[in-house]
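So the structure is just underneath, and the comments pick up after that.
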Amino acid sequence: MANPLYDTLFGAHAGRDAPFLHLLDGTVITYAGFLAQTAQLAHVLTGLGLAPGDRVAVQVHKSPQALALCAACAQAGLVFLPLNTAYTTEELTYFIDNSGAALVVCDAGNLAALTPVTKQLGAAVETLNADGTGSLTQKAAGKPEQFDTVARDADDLAAFLYTSGTTGRSKGAMLTQTNLLSNAQTLVEEWRFTADDVLLHALPIFHTHGLFVATNVTLIAGGSMIFMPGFDLDQVLTQMPRATSMMGVPTFYTRLLDDARFTKDAAAHMRLFISGSAPLLAETHVKFEARTGQRILERYGMTETNMNTSNPYEGERRAGTVGFPLPGVALKITDPDTGATLPQGAVGVIEVRGDNVFKGYWQMPEKTADELRADGFFITGDLGVIDEDGYVSIVGRGKDLIISGGYNIYPKEVELVLDQQNGILESAVIGVPHPDFGETVVGILVARKGETPDIDAIMEAVKGPLARFKHPRRLIVVDGLPRNTMGKVQKNLLRETYKDMFATM
Ligand code: MLC
Ligand code: AMP
């Protein structure tokens, strides 16, 4: 094949009149219509002088046009780099600079703030708004609805997704065509997706879950999606009768269960509910089954690896576990200090290998070498155990990471910002249980001698460098941080002290 990713996901549907996207206003976009728009956008991209392998950084609201832009990048051989809409200009500057993006696509509302950045970094800039308007689609209008797909190899890069790290510096995970394709093909089989499926799509499309899992699985199966701008409980309940399946983060499920309209009848026609990106409490799993008679299928993945494990479609979906390694994924539990493989039943670091595992971090060979072994195993940083039946459970994290509503926050990044604030000697950022987001961010501050930090001013100051979802929901001033004999902050003690802070919400 000339371009395996484009040909398999999109080209295979050429001329197909079947629905691909159902929008909330009743519009239906067919595969043929979507591909025509994709081709027009591909003409615009190449017309801008972009060449195969160039990165296209995209921070736009979820829309059919945004998805077509992703497809157009595949067709034109470009590397798609989606960015969370919550990122601030400061955060974006780093991503654009680090990736060497040749083009930045943003909402018109952010154009003024981003133009000096793109100018300085030598990137072109175009706009695409939530309603599909903008300079990009303006240029696309009237362009040919056919485009000669640019040839790419299975091993060529298809996407960059930035993930933060324990040092606070984000890393661009390089994903190849094979990484994306092999995983989506496996998931279609495992989860029995077909052309009859209508997926309720309420996830963002700037992360693996909404983009590479939900969308690519639908594309390979040839099904359709109810394409919602985001998770709105009322809309989800209104649209559910038209759907066959849904994918979500645990917050989706706790919000549904908190609403009396979500009844057994409301879910009775649904074939499959899938959860991932953050731990689904066993309690949520049990409550869901009690309410609907159905068991949520939980799976486990990462930006760097796509999906690694899944509970079975047929067979027991075991609460509190993430199921079995997917076909083609080798998974082992290792000793965090020695890397030696541990026996079944022992807790250790989860390592995975397979076609799903990324190629490395963009221009960060040392970081790549730290996490990706020479034999191809990726050290996930998640702590897990395999039970006697082969089910994998995630029992903790070896990495200092908070997952809030499915978004990752690395405490170091927040601590670096807090430490710079007036009156602050040092800080420790922890995740504490939260009824809606699963976990939320709390900052523990130590004041400089004789100074009283201005908490409101600090809350205001974090808005520049940090996206809203990374902001501490509470800041607490203490006399000193607990440390072990090595001088390391004992975050486990802090987490224990503040664990009930949001319990009564
Ligand atoms: C929004 N806010 C969040 C937040 N989402 N704060 C913390 N964590 C989050 N996840 C902010 C809003 O800006 C708002 O700020 C306030 O919190 C309340 O917002 P809300 O209206 O309650 O939130 P909502 O817009 O409904 O969004 C919540 C959500 C959303 C859970 C629906 O965050 C979401 O779609 N999450 C999915 C993330 C995802 O796709 N992850 C997959 C990663 S891939 P203010 O200023 O109003 O207070 C991956 C691999 C894998 O992990 O395995 O899949
Ligand atoms: P990300 O970097 O956003 O891709 O997040 C990946 C991380 O999310 C993993 O390393 C896990 O810590 C976590 N994760 C994903 N799925 C699950 C799950 N089902 N249960 C627990 N944690 C999960």
Side-chain angles (χ1 to χ4, degrees), residues 61-62 82 84-87 161-165 170-171 173 175 183 187 201-215 228-236 247-256 274-282 284-285 296-311 317 319-323 349-352 356 358 371 378-384 392-410 431 434-441 459 462-463 466-473 502 505:
H61 290 286
K62 185 176 172 182
N84 194 323
T85 44
Y87 288 146
L161 291 189
Y162 273 84
T163 74
S164 295
S170 286
K171 304 163 286 185
L175 293 154
N183 207 238
L187 296 175
H201 194 302
L203 288 159
I205 54 167
F206 43 71
H207 276 310
T208 300
H209 196 164
L211 190 60
F212 300 139
V213 184
T215 306
M228 308 177 60
F231 185 88
D232 176 284
L233 189 57
D234 290 340
Q235 284 174 349
V236 166
M247 294 185 194
V249 296
T251 301
F252 287 19
Y253 294 106
T254 51
R255 287 187 181 181
L256 278 169
I274 299 176
S275 177
S277 307
L280 182 77
L281 294 179
T284 310
H285 194 281
I296 298 174
L297 185 154
E298 186 174 8
R299 86 325 176 256
Y300 157 59
M302 281 185 83
T303 298
E304 288 93 332
T305 64
N306 299 283
M307 300 304 102
N308 296 312
T309 72
S310 173
N311 268 282
R317 297 177 194 165
T321 82
V322 292
V349 177
I350 299 175
E351 296 193 23
V352 291
N356 54 314
F358 77 140
E371 297 182 36
F378 177 67
I379 307 165
T380 64
D382 292 309
L383 300 178
V392 177
S393 292
I394 297 172
V395 297
R397 292 178 203 135
K399 51 194 172 189
D400 193 14
L401 164 70
I402 300 167
I403 304 183
S404 164
Y407 289 150
N408 289 5
I409 299 132
Y410 275 87
H434 187 273
D436 187 31
F437 290 135
E439 275 183 299
T440 198
V441 181
M459 286 293 203
V462 301
K463 289 182 183 167
L466 297 173
R468 171 73 181 121
F469 67 89
K470 300 176 188 172
H471 295 180
R473 297 293 157 162
F502 295 94
M505 276 183 65

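Numbering of ligands and ligand atoms starts at 1, following listing order. Owing to the predicted nature of the structure, the values given are computational and were not obtained by experimental measurement.
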| task | Please say whether Thr303 places an N or O atom under 3.5 Å from an N or O atom belonging to ligand 1. | result | no
| remark: heavy-atom search around atom 15 (C) of ligand 2 in the protein gives Gly301 O, 3.3 Å
| field | Which residue and heavy atom of the protein sit nearest atom 12 (O) of ligand 2, plus the separation | value | Asp382 OD1, 2.6 Å
| field | Side chain, backbone, both or neither: Lys399 near ligand 2, heavy atoms under 4.0 Å | value | side chain
| contact_flag Arg473 ligand 1 heavy-atom lt 4.0 Å | yes
| request: Run the contact test for Pro204 against ligand 1 with a 4.0 Å cut-off on heavy atoms, strictly below, and give the result. | output: yes
| message | Between Phe358 and Phe378, is the ring centroid distance below 6.0 Å? | response | yes
| query | Considering all protein heavy atoms, does one lie under 4.0 Å from atom 25 (O) of ligand 1? | reply | no
| query | Which residue and non-hydrogen atom of the protein lie closest to atom 19 (N) of ligand 2, and at what distance in Å? | reply | Arg299 O, 2.7 Å
| Part of Glu298 within contact of ligand 2 (heavy atoms, under 4.0 Å) | side chain
| Can an N or O of Gly276 be found at a distance shorter than 3.5 Å from an N or O of ligand 1? | no
| message | Yes or no: does His471 have any heavy atom under 4.0 Å from an atom of ligand 1? | response | no
| task | Could you tell me the residue and atom name of the protein heavy atom closest to atom 16 (N) of ligand 2, and the distance to it rounded to 0.1 Å? | result | Ser277 N, 3.1 Å
| query | For atom 23 (O) of ligand 1, which of Arg468, Arg255, Lys470 has the closest heavy atom? | reply | Arg255
| task | Go through Thr85 and His61 one step at a time and tell me if the side chain to side chain contact (heavy atoms under 4.5 Å, CB included) criterion holds. | result | CA-CA 7 Å; Thr85 44; His61 290 286; 4.1 Å; yes
| query | Of the protein's non-hydrogen atoms, which lies at the shortest distance from atom 17 (C) of ligand 2, and what is that distance? | reply | Ala278 N, 3.7 Å
| request: Return yes when Ile394 approaches ligand 2 closer than 4.0 angstrom through a heavy atom, no otherwise. | output: yes
| request: Give the atoms of ligand 2, by number and element, whose distance to some non-hydrogen atom of Met302 is under 4.0 Å. | output: 4 (O), 6 (C), 9 (C), 10 (O)
| ligand 2 versus Val322: contacting region, heavy-atom distance under 4.0 Å | side chain
| request: Please indicate whether any nitrogen or oxygen in Glu304 is less than 3.5 Å from any nitrogen or oxygen in ligand 2. | output: no
| query | Does Asn408 come within less than 4.0 Å of ligand 2, judged by its heavy atoms? | reply | yes
| message | Closer than 4.0 Å to some heavy atom of Leu203 - which atoms of ligand 1 meet that? | response | 40 (O)
| note | Counting from 1 in the order shown, the ligand 1 atoms closer than 4.0 Å to a non-hydrogen atom of Ser404 are 7 (C), 8 (N), 9 (C), 10 (N)
| said: Quick one, Leu161 and Glu304 - any side-chain contact, counting heavy atoms below 4.5 Å? | reply: no
| message | As an exercise, identify every atom of ligand 2 less than 4.0 angstrom from a heavy atom of Ile403. | response | 8 (O), 12 (O), 13 (C)
| Pick one: which of Thr440, Leu466, Val441 meets side chain to side chain contact (heavy atoms under 4.5 Å, CB included) with His471? | Leu466
| Just one of Asn306, Leu203, Asn183 clears the side chain to side chain contact (heavy atoms under 4.5 Å, CB included) bar with Thr208, so which one? | Asn306
| request: Could you say whether the N/O atoms of His207 and ligand 1 ever approach to under 3.5 Å? | output: no
